[in-house]
Amino acid sequence: MFSAPKKLEPEKLLGATIVIAGGINLLTLGVVILTNLAFLGLRPRGNYVQLLDGRVVEVGEKEANYRSAETIRRFVRESLTMLFSWNGLKPGEDGKLVPDEGIEVGDGRKVGTLAHQASFAFRDGLRQQLLRELGGMMPVNPRRTPTVFVLDFLSTPRELRPGVWEVDVVGRVLLLRERGMGETVTAFNRKLVIRAVEPVALGPELGLFEPLVRVRAAGLQVEQISALGVN
């Protein structure tokens, strides 16, 4: 009544097996690809940038005027340290320290090269006023009596409005005499208003100097300085 099933020849059996296995592999690959695409679509996207020190960090998708609290704090810390510290030396072209004769800021007054470069972290009108005042407190011979900025307190930035923050700074400018004795030249107890700005590409005479590039690369600028009620 029933005829016996025909046996497949070995060659045809092998071919059928290859076709079936290939179909299963293609199906599996398709599932993997679709799963990965769905996963990537759900992941928060980010951009990666390389910093001057070689580190690679992820930058999330934020508004153009977004700056993290740590970025703002680092900007303030580095700007003030460069501004008020002067030991009569500066980095040379080969990275070694060379004598720093300072830069004239008017009335025969000078400030250190690093201080002059750090002043670009302040808006133009404020920058000129700051350089004049700074020239009046810098030592005549910074190699013998260098100055150093000591930061005692830096508050967490407070957002005044989008792209504008306020920080409190408590610090001192010390004049270092022989045997490491420190004498306070001036107290720097100030409230700073900081604004997000577009990072500016500086000219070749300044753009190659790494600390300055790092300060301006933060995309921040000090807009206002006012007294802080700290004794």
Side-chain angles (χ1 to χ4, degrees), residues 67-91 97 99-158 160 164-195 209-216 218 220-231:
R67 303 292 185 273
S68 70
E70 184 52 36
T71 296
I72 298 171
R73 286 168 55 85
R74 185 185 304 113
F75 165 78
V76 173
R77 194 162 49 238
E78 292 182 355
S79 299
L80 294 179
T81 299
M82 289 173 61
L83 188 68
F84 290 115
S85 300
W86 190 18
N87 61 0
L89 297 171
K90 63 180 180 180
L97 294 178
D100 180 15
E101 301 301 328
I103 296 178
E104 292 276 354
V105 293
D107 299 329
R109 299 176 177 182
K110 290 184 176 182
V111 299
T113 299
L114 291 184
H116 188 266
Q117 293 170 340
S119 68
F120 285 94
F122 299 78
R123 66 174 173 81
D124 286 343
L126 180 59
R127 173 177 174 266
Q128 298 301 329
Q129 176 185 350
L130 189 62
L131 285 175
R132 287 194 298 268
E133 295 179 0
L134 189 63
M137 72 172 67
M138 289 293 100
V140 177
N141 189 345
R143 293 290 296 275
R144 297 190 59 182
T145 53
T147 59
V148 61
F149 180 71
V150 178
L151 180 63
D152 295 316
F153 173 76
L154 176 58
S155 71
T156 299
R158 302 181 294 274
L160 301 180
V164 180
W165 302 267
E166 183 181 69
V167 296
D168 298 334
V169 179
V170 177
R172 296 163 288 154
V173 180
L174 294 182
L175 185 68
L176 302 180
R177 299 190 181 278
E178 295 181 0
R179 300 180 183 178
M181 299 297 292
E183 174 186 342
T184 299
V185 177
T186 185
F188 189 85
N189 303 327
R190 298 290 187 272
K191 190 185 300 291
L192 307 184
V193 175
I194 300 168
R195 181 170 65 91
F209 191 72
E210 182 178 330
L212 178 57
V213 174
R214 185 169 62 248
V215 167
R216 292 305 305 234
L220 293 166
Q221 181 174 270
V222 179
E223 291 287 297
Q224 182 180 333
I225 301 178
S226 59
L228 181 66
V230 176
N231 296 325

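By convention here, the first residue in the shown sequence is residue 1. Fair warning: this is a prediction, and the values are worked out from it, not measured in the lab.
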**Message:** Which heavy atom of Ala115 sits nearest to which heavy atom of Leu83, and what is that distance?
**Reply:** CB-O, 3.1 Å

**Prompt:** Less than 4.5 Å apart, any side-chain heavy atom of Arg127 and any of Arg132?
**Reply:** no

**Item:** Side chain to side chain, Leu174 and Thr147, heavy atoms closer than 4.5 Å
**Value:** no

**Verdict with reasoning, Leu176 to Thr145, per side-chain contact (heavy atoms from CB on, under 4.5 Å)** = CA-CA 5 Å; Leu176 302 180; Thr145 53; over 6 Å; no

**Asked** Under 4.0 Å between a Lys/Arg side-chain N and an Asp/Glu carboxylate O for Arg109 and Glu133?
**Response** no

**Validation row: Ile194, Pro157 side chains within 4.5 angstrom (heavy atoms)** = no

**Request:** Using a 4.5 Å cut-off on heavy atoms from C-beta on, say whether the side chain of Arg67 contacts that of Trp165.
**Result:** yes

**Prompt:** In terms of heavy-atom contacts, does CG of Asn141 have more than 12 from other residues, nucleotides or ligands at under 6.0 Å?
**Reply:** yes

**Asked** Looking at Val169 and Val76, what are the two nearest heavy atoms and their distance?
**Response** CG2-CG1, 4.0 Å

**Check against side-chain contact (heavy atoms from CB on, under 4.5 Å), Phe153 and Asp168** = CA-CA 8 Å; Phe153 173 76; Asp168 298 334; 4.3 Å; yes

**Request:** For the pair Arg123 (side chain) and Glu223 (backbone), establish whether a donor and an acceptor sit closer than 3.5 Å, ignoring hydrogens and angles.
**Result:** yes

**Request:** Please tell me if the side chains of Leu131 and His116 come closer than 4.5 Å, counting only heavy atoms from C-beta onward.
**Result:** yes

**Request:** Kindly indicate whether the side chain of Ile103, heavy atoms from C-beta on, has any atom under 4.5 Å from the side chain of Thr113.
**Result:** yes

**Close side-chain approach of Val148 to Ser85, heavy-atom, < 4.5 Å** = yes

**Asked** Quick one: does Leu151's side chain get under 4.5 Å of Phe149's, heavy atoms only?
**Response** yes

**Fill in**
Heavy-atom closest pair (Arg143 atom, Asn87 atom, distance to 0.1 Å) is CD-O, 3.3 Å

